[in-house]
Each structure stands twice: as structure tokens, then as C-alpha cells.
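Since we're looking at a predicted model, the values are computed, not measured. Below, chains carry the letters A, B, ... as their sequence lines are ordered, and counting in each starts from 1.
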2 protein chains.
Amino acid sequence: MAAHVDLEKIAKMASVSRSTVSRVVNDQADVSPEVRQRVKKIIQETGFQPNLAARSLRNKQTDIIGLVICNTMVGLFTDPYFAQLNLSISQTCYKYNKTLALYLEGEPDTIFPRLTRRGLMDGILLQAGKMKDSLLKKMLKTDIPFVYLGRPTESGVSYVDIDNVTGAHLATSHLISMKHKRIAAICGDLDTTTGADRHEGYTLALREEGIPYQEELVGEGDFSEISGYQAMLQLLNSKPNAVFAANDMMARGAIRAIQEAGLSIPHDVAVVGFDDLPPAVSASPLLTTVRQPINQMGASAVEMLFDVIQHGSQPVRHTVLDVELIIRESSG
Amino acid sequence: MAAHVDLEKIAKMASVSRSTVSRVVNDQADVSPEVRQRVKKIIQETGFQPNLAARSLRNKQTDIIGLVICNTMVGLFTDPYFAQLNLSISQTCYKYNKTLALYLEGEPDTIFPRLTRRGLMDGILLQAGKMKDSLLKKMLKTDIPFVYLGRPTESGVSYVDIDNVTGAHLATSHLISMKHKRIAAICGDLDTTTGADRHEGYTLALREEGIPYQEELVGEGDFSEISGYQAMLQLLNSKPNAVFAANDMMARGAIRAIQEAGLSIPHDVAVVGFDDLPPAVSASPLLTTVRQPINQMGASAVEMLFDVIQHGSQPVRHTVLDVELIIRESSG
DNA sequence: TTGAAAGCGCTAACAC
DNA sequence: GTGTTAGCGCTTTCAA
């Protein structure tokens with residue numbers, strides 16, 4: 001932030017006032033064409049760009065939004081899901097000429113004061129973590145605009161989520177329709193709404209078809225590949241002939257366990273995942289999975305946040321995005 | 001950024017001046033114990049935190065640093081390598097109470113003006129991309145503090161890198177020492193210094209042992225799993241009995257291709273990767289690979305940047321981190 | 001040890 | 001259509 005040209009200097013060079021330069025910079029009306037022309041030329045030549053700290057102070061708006069993924073989820077940050085979400089959020093910020101601040105570290109308690117500082121961020125995207133996280137409740141008590149990524153456990157929260165229950169239902173129904181009898185599930189962390197909702201969808205589909213829910217056919221992982229592998233190892237003892245994994249990474253782990261056991265997919269055990277992430281899907285056998293619109297989720301969340309920033313947090317906004325079953329090889 | 005308590009308000013409540021409150025907030029000397037006590041109590045009660053835009057304007061320092069990974073690399077952002085690097089950078093910022101701004105999108109040309117705005121960032125971490133990227137050259141012409149992540153193709157650049165040549169050399173030598181004759185390589189994008197350096201290490205190791213370099217044993221991927229798979233498919237025609245892949249993702253793809261061809265690892269074909277990323281390594285067979293200290297790389301880069309910000313870009317700083325060969329199952 | 005006052009660079013209300 | 005001026009909230013001389 002070295003010494004540099006400022007409005008004043010441009011004004012002198014163009015023999016006009018600071019205000020006029022400001023008007024030109026911000027594309028406001030009421031500047032004569034000749035003057036605008038002259039000032040623009042000088043701005044061009046000098047490469048002048050208004051100082052953002054000064055503008056933020058004056059405008060009470062920084063054009064920075066934060067993305068917060070706190071500790072309880074950080075271990076999973078290496079999941080390609082987050083990379084993709086992050087990318088879409090970043091792209092949307094770029095498109096609207098906003099800056100994205102990233103908060104990956106920190107316990108909900110210690111990170112909170114950093115999120116509530118004045119003069120840094122206009123608003124925040126809060127990635128859902130464990131249901132018991134206190135951060136959401138705390139944020140609700142502030143007047144800071146924020147949007148939740150996932151289904152919140154509190155009311156009065158604006159959020160964007162995907163239809164996890166329907167997705168899991170689709171996946172399970174698909175397996176049922178393939179005449180499989182013993183349909184296992186590898187759940188994600190059930191202390192997250194995502195994990196719980198996908199489990200719910202599985203349960204619902206079974207119930208609709210009058211298939212009893214059997215404990216020994218249900219394992220719990222934490223969305224990681226290795227946890228899917230381990231859960232499947234366990235489930236193999238119960239001889240399932242199909243398995244719904246709550247995300248693609250765990251499905252991939254399950255496939256590995258099934259293949260190592262000398263069983264074939266989908267002949268001996270059919271597999272369906274959830275996410276439709278290219279790296280997980282493209283291995284062989286190609287994964288049948290539930291596609292969720294990650295990019296749209298990121299974009300919607302950012303745009304919803306801009307709306308909250310501009311128009312206030314009332315009324316509360318919800319967007320739940322549709323999912324789609326993509327049938328490939330692993331389900332037969 | 002709603003109306004809120006400011007220094008002035010605290011000052012009134014404590015019956016002191018703004019200056020005194022500022023001194024207390026910034027832990028400066030020359031405030032009497034009683035006054036300090038009194039002011040602190042009120043700050044505590046009100047939850048006052050100084051406005052960062054105002055502070056930035058005054059101090060000419062924002063305590064924000066940027067991480068820039070531009071378009072040419074963005075497709076690879078889903079590589080767990082970047083997730084891990086990102087995480088370590090984020091953690092280090094957190095530790096030093098700085099904010100991290102993330103720039104994932106944008107052509108080098110269009111992103112440049114956004115990086116050079118005054119009053120936004122104190123400095124920048126620039127992830128290496130394609131060698132021909134013009135961003136590095138442009139940054140060099142500015143007075144903005146920055147540190148390059150990877151080996152730069154220009155001189156006068158402060159950077160942090162890992163010893164890619166030695167790593168690839170270690171991997172290849174290891175395969176040679178196992179008495180393999182036909183040692184293939186799956187290179188990463190050779191238009192990146194990382195890809196080129198790892199190729200260089202492979203070449204060097206062969207030469208040292210008097211093994212001729214054979215074109216038909218060398219494939220090129222782009223660091224993605226699928227590209228490793230495809231490159232291996234091709235290479236299998238040349239009947240290699242070992243292969244060095246320039247990263248773990250490609251190694252994983254190669255393993256898949258080898259196994260699908262009905263060959264066993266390491267018996268028929270030995271495989272060595274590069275990165276030592278848990279998700280890639282933990283599948284079976286466990287991957288022999290070159291471990292690079294990603295977390296240390298992130299931390300070093302951030303700390304180097306702080307140093308550049310504080311003390312100027314001269315002298316130029318370099319840190320090249322050591323790598324280590326981790327022998328597991330896939331190399332026999 | 002404390003307070004008064006200037007000013008960081010910008011925008012916008014108001015006056016001309 | 002253009003300029004003057006008053007701050008935004010903070011830190012920091014400088015004076016008391």
C-alpha cells in the first residue's frame with residue numbers, strides 16, 4: 001500500500017475537483033462529455049484505482065464476503081465436494097466483482113469474534129457443520145448478514161440446500177426397483193443435517209415398499225473414502241446385495257471393499273453414491289449416483305447473500321435445489 | 001456494517017478521550033493502570049472492536065493477504081494437494097490473525113488489476129501455473145509484496161518450493177534399485193515447473209545408471225487421475241515393469257489401468273507416486289510415494305510473505321523444502 | 001499520563 | 001455541470 005496517486009492528484013492533473021473525478025470513476029451522470037473524456041484519459045494513463053480502504057470507510061461497505069467452514073468440517077475440506085463448492089463461490093464473487101475471504105480454521109467459539117468485526121466483511125456464507133455447533137445460534141443474534149449452506153437447525157435462517165431426502169430416496173428406490181432384497185446403507189456423519197437427511201431418504205424409501213429397516217444393514221461413516229471402506233467391510237458380514245452410500249467418496253471406498261472381497265459389481269452387490277463428482281465417478285465401474293448441482297448451490301448462496309446484504313435479512317429466504325439420479329454401471 | 005459503538009462512544013462512557021481508548025485497544029504504554037482497567041471493562045461490556053476499514057485507511061495496512069490460483073490451474077483445484085495447501089495457508093493466516101482472500105478465477109490478464117488495488121491486500125501468494133503465464137512478470141513490475149508458490153521462471157522472485165528434482169530422482173532410483181529394467185514415467189504437465197522438474201529428476205536418475213531414455217516409456221498427463229489412467233493404458237503397450245507417476249492422483253489412475261489389464265502390482269508393474277496425500281495413498285495397494293511437506297510449504301510461504309511485507313522485497317528469499325521417499329506396497 | 005486536532009482517501013450533500 | 005466541504009472511525013503527533 002505504497003504512496004500512490006489519489007483522487008486529488010488526478011483532479012489537479014485534469015484541472016477539476018476531486019468530486020468530478022469521483023463522479024467519473026463511479027460512472028455517475030452530471031459530468032460534461034469533454035471533462036469526462038479528459039479525466040478518463042488521465043485515469044487510464046496513470047492507472048489510478050481508488051483506494052478501497054478509504055472507499056469502504058466512507059461507504060460502510062467493503063465488497064468482501066466471507067466463507068466460513070469451521071473446524072468440525074475442516075477434516076473433510078479435502079473432499080472434492082468442497083473444492084468444487086469453493087470454486088463456484090469464488091467464481092460468482094469474481095463475476096460480481098467482490099472479494100472472497102476464506103475462514104477454514106478455528107473452533108466456532110474462537111472464530112466468532114473474527115467474523116463480527118466491523119469494516120471487514122459485508123456478509124458471510126456459513127457452511128453447515130455438526131448440528132450442535134453453536135456458531136449458527138451466535139450469528140443469529142448479530143445483525144450481520146449471512147446465508148447458511150445446508151439445512152439449518154434453527155429457524156429464521158436464510159439458507160441454500162439441496163434436496164437430500166429426495167436424493168437418497170431416489171437412490172434407494174432405484175435399488176429396490178432393481179429387485180434387490182437386502183439393501184444396505186452407508187450413512188454419512190449422522191450429526192450433520194446432510195447425513196441425517198440422506199439417512200431419512202433411505203428409511204423413507206424402504207418404508208414405502210414395506211421393506212423392514214435392519215440395523216445390521218446400516219453402517220455409519222464420516223463421508224471419507226476410508227470410512228466407506230471400513231463400513232462396507234463390516235456390512236459384508238450381513239450379505240447385502242445392494243448398498244447406498246451417502247456420498248461418492250464412501251461409495252468408492254465401499255467398491256474397493258467389495259472388490260477385495262472377490263465380489264463383482266453390480267452382479268453381487270450393486271452400489272449407488274451421492275454427489276456425482278467427476279473424480280469419484282469416473283473410476284471403474286462407473287458410479288451410479290445422485291447428482292447435486294454444486295455450482296448452482298454456490299452461485300445461489302452468493303446471490304442470496306448479496307440480496308440479504310442489500311435488503312435485510314427479512315423475509316427469510318430458502319432455496320432447496322433439485323437432485324437427479326444418474327444411472328451408470330455400478331447399479332446394474 | 002451497521003451503526004455501532006466506536007472509539008468516541010467508549011471514550012464518553014469511560015470519561016476519557018478517544019486517544020486513550022485507542023491506546024488501550026492497542027495495548028500501548030503510557031496509560032495509567034486505573035484508566036486502562038476502566039476502559040477495558042467498558043470495551044468488554046460493549047464488545048467493542050475497532051472498525052477495520054478505518055484502521056486500514058489510517059495504518060495503510062489491511063492485514064489481508066491474497067492467495068491467487070489463476071485459471072490455468074483452476075481445473076486442478078479439486079486435486080487434494082490444493083485443498084491441503086489451502087488449508088495450511090488458511091491456518092497460518094489464522095494463527096497470525098490475518099485474513100485470507102482467495103482468488104481462484106480469472107485469466108492472468110483480467111485478474112491483474114484486481115490484485116493491484118490499493119487498500120485491499122498487503123501482499124499476495126501466487127500459485128505457480130503454466131510457465132508462460134504473464135502474471136508473474138506483471139507482478140514483478142509492481143511494488144506489491146508477493147511470494148511465489150513453486151519455482152519461478154523469472155529471477156528476482158521470492159519463492160517457496162519443494163525439491164521436485166530430488167524427489168523424482170529418489171523415486172526413480174528406488175525403482176532402479178529394485179532391479180526393474182523398463183522404467184516408465186507418467187509426467188505431469190510439462191509446461192509447469194513442477195512437471196518439468198519431476199521429469200528432470202527421472203531423466204537424471206536414468207542417466208546416472210546408464211539407462212537409456214526411451215520415448216515410448218514416457219507419457220504425459222495433467223496431474224489428474226483420469227490422465228494417469230489414460231497415459232498408463234498407452235504405456236502398457238511398451239511393457240514397462242515399473243512406472244513413476246509425477247503425482248499420486250496419476251499413480252492412482254495408473255494402478256487402475258494396470259489392474260484392469262489383469263496385471264498385479266508390484267509383481268508385474270511397480271508403481272511410485274509423488275505427494276503422499278492420504279486419500280490417494282490409503283487405497284490398496286498402499287502407494288509408495290515421495291512425501292512433500294505441504295503444510296510446511298503453506299506456512300513458510302505465508303511467513304515469508306509477512307517478512308517481505310515488513311522488510312521489503314530485497315533481498316530475494318528462497319526456500320526449497322526437502323522431500324522424502326515413503327516405501328509402501330506398490331513398489332514391491 | 002492524557003487530550004486536542006490533524007488527516008488517511010474517499011463520497012455525497014449542498015451550494016453555486 | 002462543477003466545486004466546496006464535511007465527515008466515515010481510526011491512530012498519532014504534539015501540546016499540556
> Going through the distances and angles, do B/Phe48 and B/Val39 end up as a side chain to side chain contact (heavy atoms under 4.5 Å, CB included)?
Replying inline: CA-CA 11 Å; B/Phe48 168 74; B/Val39 173; over 6 Å; no
> Are side-chain heavy atoms of A/Pro145 and A/Ile124 found at a separation under 4.5 Å?
Replying inline: no
> To the nearest Å, how far apart are A/Arg55 CZ and D/dG9 C1'?
Replying inline: 19 Å
> Quick one: is B/Lys9 getting a side-chain N or O under 4.0 Å of the D/dG9 phosphate, OP1 or OP2?
Replying inline: no
> Counting only heavy atoms not in B/Glu154, do more than 12 sit closer than 6.0 Å to its CD atom?
Replying inline: yes
> Of all the choices, C/dG3, C/dC10, D/dG3, which nucleotide is nearest to the side chain of B/Thr20 once you look at every atom?
Replying inline: C/dG3
> Taking 4.0 angstrom as the limit, do A/Asp63 and A/Lys98 come out as a salt bridge?
Replying inline: yes
>> Between B/Asn51 and D/dC8, is there a contact of a side-chain N or O with OP1 or OP2 at under 4.0 Å?
In response: no
>> If the cut-off is 4.0 Å, is A/Arg18 near the phosphate of C/dT11, judged by side-chain N/O to OP1 or OP2?
In response: no
>> Would you say B/Asn26 places a side-chain N or O within less than 4.0 Å of OP1 or OP2 belonging to D/dT11?
In response: yes
>> Please classify the nucleic acid contact of B/Gln28 as base, sugar-phosphate, or nothing, using heavy-atom distances under 4.0 Å.
In response: sugar-phosphate
> Between A/Glu45 and A/Lys41, does at least one N-O distance fall below 4.0 Å, as a salt bridge requires?
Replying inline: yes
> With a 4.0 Å cut-off on heavy atoms, is A/Val25 in touch with a base, just the backbone sugar-phosphate, or nothing at all?
Replying inline: nothing
> Out of C/dC10, D/dT2, D/dG9, which nucleotide sits closest to the side chain of B/Leu57?
Replying inline: D/dG9
> If you check every side-chain atom of A/Arg23, which of C/dG9, D/dG3, D/dG9 has the closest atom?
Replying inline: D/dG3
>> I want to check something: taking the side chain as every heavy atom from C-beta on, are B/Leu52 and A/Met121 in contact at a cut-off of under 4.5 Å?
In response: no
> Atom CG of B/Leu52 to atom C1' of C/dC8: distance rounded to whole Å?
Replying inline: 15 Å
>> In whole Å, I'd like the distance from the CG atom of B/Asn59 to the C1' atom of D/dC10.
In response: 8 Å
> Taking for each residue the nucleotide of DNA chain C bearing the nearest heavy atom, is the 5' side occupied by B/Val35 or by B/Arg58?
Replying inline: B/Val35
>> With a 4.0 Å limit, can you tell me whether A/Ser22 has a side-chain N or O closer than that to the phosphate oxygens OP1/OP2 of C/dT11?
In response: yes
> Atom CD of B/Gln61 to atom C1' of C/dG9: distance rounded to whole Å?
Replying inline: 17 Å
> Which whole-number value in Å describes the distance from B/Leu7 CG to D/dT12 C1'?
Replying inline: 12 Å
> With respect to the side chain of B/Ser17, which nucleotide from C/dT11, D/dT11, C/dG3 is positioned closest?
Replying inline: C/dG3
> Rounded to the Å, how far apart are B/Glu8 CD and D/dG7 C1'?
Replying inline: 13 Å
>> Closest approach to the side chain of A/Ser19, judged atom by atom: which nucleotide of C/dA12, D/dT2, C/dC10 is it?
In response: C/dA12
> Taking only N and O in the side chain of B/Lys60, is any of them less than 4.0 Å away from OP1 or OP2 of D/dT11?
Replying inline: no
> OP1, OP2 of D/dT2 versus side-chain N and O of A/Ser32: anything below 4.0 Å?
Replying inline: yes
> Picking from C/dG3, C/dT11, D/dG9, which would you name as closest to the side chain of B/Asp6?
Replying inline: D/dG9
